[in-house]
Amino acid sequence: MEYSFLARGHENITSHHKSTFEITTDKTLTLKGDCIIGVCSNTILNDLPSTLKEKIKTDNTKIELILETDNAHDSIIGFGCSKLTLNHPTDMVCRKSDFTCNRTLMINSNKAARDLDKNLINDLKKGCNLKVTIKI
């Protein structure tokens, strides 16, 4: 099962956060948002197909998140959890920890913002488009 959506980069992307990364529908970003790697997302958690959400809400479901710009890509592996609600209206967060809240898309991720491919982050700092694919 696979689902893709679009976001874009922003000049204030720093990608320094050590335990999470986030994609948001917000249009602006301050330098304090060091986990945010994509803005202006055209999808929120509620938009995900119900069959995909059911699998994400299952303990230990392996999730691959693929991030792509025209010049770079990265792949992140994380896991689903029965505690996930997938109902935040603007943000989706991937976490290295097992913490859950309504913003969490996946837990126990193998990468956070600071671990992502530097070419990808450089593209995003230039405002490039970001294709996000969730694979189960």
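A quick note: this is a predicted structure, and the numbers were derived from the prediction, not measured. Computation of the quantities below employed the complete heavy-atom set of this structure, encompassing side-chain atoms and omitting hydrogens, waters and symmetry-equivalent molecules.
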**Q** Does the side chain of Ile107 come within less than 4.5 Å of Lys83's, by heavy atoms?
**A**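 When only atoms from C-beta onward are counted, Ile107 and Lys83 do not touch, as no gap falls below 4.5 Å.
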**Q** Checking Asn42 side chain against Leu6 main chain: does a donor-acceptor pair fall under 3.5 Å?
**A** yes
**Q** Okay, side chain of Asn108, backbone of Phe79: is any donor-acceptor separation there less than 3.5 Å?
**A**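 Absent.
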**Q** Report the residues that fulfil side-chain contact (heavy atoms from CB on, under 4.5 Å) with Arg114, sequence neighbours left out, ordered by chain and then residue number.
**A** Lys18
**Q** Taking NZ in Lys118 as the centre, count heavy atoms belonging to other residues, nucleotides or ligands within less than 6.0 Å. Is the count above 12?
**A** yes
**Q** Using side-chain heavy atoms (C-beta onward) and a distance below 4.5 Å, is Cys94 in contact with Leu65?
**A** yes
**Q** Between Asn12 and Leu29, is there a donor-acceptor pair closer than 3.5 Å when you use the side chain of the first and the backbone of the second?
**A**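 Checked: pair present.
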**Q** Name the one of Thr133, Ile136, Val132, Leu52 that satisfies side-chain contact (heavy atoms from CB on, under 4.5 Å) with Tyr3?
**A** Leu52
**Q** Considering only residues two or more places apart or on different chains, which pairs with a residue in residues 53-64 satisfy side chain to side chain donor-acceptor pair (under 3.5 Å)?
**A** Asp59-Ser82, Glu64-Ser75
**Q** Do the side chains of Cys40 and Lys27 get nearer than 4.5 Å, heavy atoms only?
**A** yes
**Q** Got Glu22 and Arg103 here, is their nearest side-chain heavy-atom distance under 4.5 Å?
**A** yes
**Q** Among all residues two or more places apart in sequence or in another chain, which pass the side-chain contact (heavy atoms from CB on, under 4.5 Å) test with His16?
**A** Thr14, Asp34
**Q** Is His73 atom NE2 crowded by more than 12 heavy atoms from other residues, nucleotides or ligands, each under 6.0 Å away?
**A**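 No, not enclosed.
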**Q** Sub-3.5 Å donor-acceptor pair from the side chain of Asp115 to the main-chain atoms of Ala112, do we have one?
**A**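 A pair under 3.5 Å: yes.
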**Q** Ile44 versus Thr90: any side-chain heavy-atom pair under 4.5 Å?
**A** no
